[in-house]
J.: 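Structure provided below as structure tokens; questions to follow.
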2 protein chains.
Amino acid sequence: MSTPAASLPELPAGGEPLRFRPLYGQVYESLLKRIAGGEWRAGEALPSEQALAAQLGVSQGTVRKALDALALDKMIDRRQGKGTFVAELTQEQALFRFFRLTRADGERAVPSSADETLKLRPARAVEQRALGLAPDEEVIEILRTRVLDGRPTMVERVVVPAAVFPGLERLAPLPNALYALYQREYRINIAAVDERLRADAARREDVRRLGVVLGAPLLQIERVARTVEGRVVEWRLSRCDTTHLSYAVTLS
Amino acid sequence: MSTPAASLPELPAGGEPLRFRPLYGQVYESLLKRIAGGEWRAGEALPSEQALAAQLGVSQGTVRKALDALALDKMIDRRQGKGTFVAELTQEQALFRFFRLTRADGERAVPSSADETLKLRPARAVEQRALGLAPDEEVIEILRTRVLDGRPTMVERVVVPAAVFPGLERLAPLPNALYALYQREYRINIAAVDERLRADAARREDVRRLGVVLGAPLLQIERVARTVEGRVVEWRLSRCDTTHLSYAVTLS
DNA sequence: GAGTGGTCTAGACCACGCA
DNA sequence: GCGTGGTCTAGACCACTCT
């Protein structure tokens with residue numbers, strides 16, 4: 001667990017001769033834990049750089065470097081003249097930050113949902129592996145059709161551990177942006193998602209939900225979503241009709 | 001053109017009341033131009049921070065901030081104790097940095113090429129648009145089958161402006177990693193690629209090259225590759241059999 | 001005007017690579 | 001042991017937001 005944080009130098013590998021660990025890295029970890037622990041809620045301001053420096057007994061420059069790293073990792077928002085705030089997923093950010101389907105003209109399409117069903121059931125083998133669950137643990141399955149530009153475009157199956165999201169099945173109908181809900185209702189912040197894409201032929205369920213012909217090529221996206229601490233809290237399988245939309249990503 | 005650089009604050013929008021521009025941003029631009037202009041070749045060392053600071057008449061801290069930003073944008077490599085070097089695409093980096101196909105176990109598959117053909121021909125409309133070419137400009141088309149784990153997996157069509165890569169058609173057979181070749185032979189550095197993915201049914205050419213059945217679902221990847229200055233110098237269309245591999249990406 | 005983050009400087013010291 | 005980049009500090013001043 002505990003992702004080394006993209007913005008920080010790599011941690012020492014296992015069994016090393018005890019490597020150097022910079023001060024600002026410790027400040028980073030300390031602040032990260034306090035944020036994750038809920039000391040400040042999403043949207044709330046942290047103490048000022050000066051205050052944190054005094055509190056932690058380090059210079060302002062060191063605090064600044066830790067805060068810069070936290071901002072790079074999207075844990076906080078810094079606003080000149082105002083302060084430093086715990087990052088908040090607005091409905092809009094939650095929709096677009098992890099949603100890559102775009103129209104041919106490059107505009108992001110806004111999804112809505114239809115035919116949503118929720119189920120509480122035991123985890124399947126693949127879900128156990130992906131979510132790191134013990135045998136017999138229960139999951140909540142959300143099955144829904146996503147509509148873009150008025151067309152049913154995507155069949156989405158979302159699976160989360162019931163223990164992590166207790167009572168989620170009673171919150172239906174669910175909002176469009178699940179990750180904002182995770183944050184608001186369960187204080188769980190999705191920090192990154194790993195996606196695996198492949199092409200697959202439409203099955204009967206796809207035909208029924210999307211109106212495509214049997215065997216039509218669909219883009220299948222398998223996703224696991226992780227918190228800052230590296231805990232996997234969601235597994236998701238989406239099957240998309242890419243006739244009018246495509247999955248856009250920039251690699252650098 | 002001139003991407004504002006991911007690591008720098010946003011540039012003033014058009015027609016603004018003349019906004020503040022930090023010193024380190026100017027240093028960044030200055031060094032970027034000197035690197036792009038070939039003052040130091042790929043792999044060569046830049047002057048030390050101290051030397052640059054003296055040369056530019058700013059403090060070492062300001063130079064450092066500019067160099068940090070350049071490193072973030074993968075323009076330079078910094079090595080403690082050694083120096084600062086213009087980023088170099090090794091054959092391996094070039095292959096993996098922009099290549100997302102991975103095996104089920106998460107290991108990156110190493111591609112090789114087969115059935116390569118090169119052609120010099122006028123640009124088609126779609127290529128003119130993507131590459132920003134004038135009518136009647138010529139392009140070089142590379143058509144090849146990519147083999148992964150011993151299986152023909154991908155049909156790849158690479159199209160580049162003939163004016164940008166003069167004589168490329170005489171360099172066949174081309175190496176596996178084209179971007180290392182672009183850098184070595186033409187001093188063109190690919191900084192980022194934009195990819196658009198969709199699912200499509202296998203056509204006759206796919207059947208012949210990949211051995212899939214007609215209509216089988218393929219993952220189609222359309223790519224444009226950009227230099228640091230934002231110039232699009234390559235357009236690429238890949239069609240992949242994702243039976244044994246998938247396209248993996250992390251969003252954060 | 002007070003308070004915040006952002007920039008810039010100058011200098012000390014540390015970790016690392018190499019000869 | 002020297003030169004490099006990396007860390008840490010202390011302080012001055014600037015740009016921005018709000019009252």
Side-chain angles (χ1 to χ4, degrees), chain A residues 4-5 7-13 16-31 40 43-72 74-87, chain B residues 4-5 7-13 16-31 40 43-72 74-87:
Chain A
S7 53
L8 255 41
E10 311 232 327
L11 290 174
E16 294 303 277
L18 196 58
R19 298 195 9 164
F20 174 68
R21 191 75 201 293
L23 231 198
Y24 71 82
Q26 301 172 39
V27 174
Y28 176 99
E29 293 294 346
S30 153
L31 290 175
W40 310 281
E44 272 184 14
L46 268 63
S48 73
E49 294 182 354
Q50 292 287 2
L52 284 173
Q55 187 182 109
L56 299 169
V58 299
S59 80
Q60 189 187 353
T62 300
V63 169
R64 164 170 288 276
K65 201 157 181 182
L67 289 175
D68 283 345
L70 284 166
L72 243 175
K74 299 197 172 76
M75 292 302 303
I76 57 176
D77 287 329
R78 317 196 69 189
R79 291 175 228 152
Q80 185 175 163
K82 299 189 70 176
T84 302
F85 303 83
V86 177
Chain B
S7 54
L8 255 42
E10 310 231 328
L11 291 174
E16 294 302 275
L18 196 57
R19 297 196 11 164
F20 174 67
R21 189 75 201 293
L23 231 198
Y24 72 81
Q26 301 172 38
V27 174
Y28 175 100
E29 293 295 345
S30 155
L31 290 174
W40 308 281
E44 273 184 13
L46 269 63
S48 72
E49 296 182 353
Q50 293 286 2
L52 284 172
Q55 188 182 108
L56 299 170
V58 301
S59 78
Q60 190 187 352
T62 300
V63 169
R64 165 169 288 275
K65 200 156 181 181
L67 289 175
D68 282 346
L70 285 166
L72 243 176
K74 298 197 171 76
M75 291 303 302
I76 59 178
D77 288 329
R78 318 196 69 189
R79 292 176 228 151
Q80 184 174 161
K82 298 190 71 175
T84 302
F85 303 84
V86 176

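Per chain, numbering begins at 1; letters A, B, ... match sequence-line order.
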J.: A/Asp68 CG to C/dC8 P: how many Å, rounded?
T.: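 Taking CG of A/Asp68 and P of C/dC8, I get 14 Å after rounding.
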J.: Of all heavy-atom pairs between A/Leu67 and A/Ile76, which one has the smallest distance, and what is that distance?
T.: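 Minimum heavy-atom separation between A/Leu67 and A/Ile76: O-CD1, 3.4 Å.
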J.: Expressed in angstrom and rounded to an integer, what is the separation of B/Leu23 atom CG from D/dC14 atom P?
T.: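 About 14 Å, once rounded to whole Å.
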J.: Per the side-chain contact (heavy atoms from CB on, under 4.5 Å) rule, which among A/Leu46, A/Thr84, A/Leu70 passes with A/Arg78?
T.: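 Going through the options one by one, the only one that passes is A/Thr84.
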J.: Applying salt bridge (Lys or Arg N to Asp or Glu O under 4.0 Å), can you list everything that pairs with B/Asp77, at least two apart in sequence or on another chain?
T.: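 By the salt bridge (Lys or Arg N to Asp or Glu O under 4.0 Å) rule, B/Asp77 matches no residue at all.
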J.: Can you measure A/Phe85 atom CZ to D/dC18 atom C1' for me and round it to whole angstrom units?
T.: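 After rounding, the reported distance stands at 11 Å.
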J.: Compare the minimum distances between each of D/dG6, C/dG6, C/dT7 and the side chain of B/Arg64, then state the nucleotide with the smallest one.
T.: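 Given the options D/dG6, C/dG6, C/dT7, the side chain of B/Arg64 is closest to D/dG6.
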J.: Any idea which heavy atoms bring B/Phe85 and B/Gly43 closest together, and the distance?
T.: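 So the minimum-distance heavy-atom pair works out to CD2-O, 3.5 Å.
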J.: Hey, does the side chain of A/Tyr24 come within less than 4.0 Å of D/dC8's phosphate (OP1/OP2), counting only N and O?
T.: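 The answer is no; no side-chain N or O of A/Tyr24 sits under 4.0 Å from OP1 or OP2.
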J.: Work out which heavy atom in B/Lys74 is nearest to a heavy atom in B/Ala87; give both atom names and the distance.
T.: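 Distance-wise, the nearest heavy atoms are O-CB, 3.3 Å.
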J.: Provide, to the nearest angstrom, the distance between the CG atom belonging to B/Leu72 and the P atom belonging to D/dG6.
T.: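 Those two atoms, CG and P, are 12 Å apart.
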J.: Nearest to the A/Arg78 side chain among C/dC8, D/dT9, C/dG5, which nucleotide is it?
T.: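 Out of C/dC8, D/dT9, C/dG5, the nucleotide with an atom closest to A/Arg78's side chain is C/dG5.
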J.: Measure NZ/B/Lys65 against P/D/dG5 and give the value in whole Å, please.
T.: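 Taking NZ of B/Lys65 and P of D/dG5, I get 19 Å after rounding.
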J.: Nucleotides 2-4 of chain C: which of its N/O atoms have a protein N/O under 3.5 Å away?
T.:
unit_1 : atom_1 : unit_2  : atom_2 : d
C/dG3  : N2     : A/Gly81 : O      : 3.0
C/dT4  : O2     : A/Gly81 : N      : 3.2

J.: Please give, in whole Å, the distance from D/dT9 P to B/Gln60 CD?
T.: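 It works out to 17 Å between those atoms.
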J.: Roughly how far, to the nearest 0.5 Å, is the CD atom of B/Gln50 from the CZ atom of B/Arg64?
T.: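 Spacing of CZ (B/Arg64) from CD (B/Gln50) equals 10.0 Å.
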J.: With respect to the phosphate group of D/dT9, does any side-chain polar atom (N or O) of A/Thr62 fall under 4.0 Å of OP1 or OP2?
T.: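 Yes, within the criterion.
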J.: Of all residues at least two apart in sequence or in a different chain, which pass the side chain to side chain donor-acceptor pair (under 3.5 Å) check with A/Ser59?
T.: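 Here the qualifying residues are A/Thr62.
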J.: In whole angstroms, how far is the P atom of D/dC8 from the CZ atom of A/Arg21?
T.: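 Between P of D/dC8 and CZ of A/Arg21: 10 Å.
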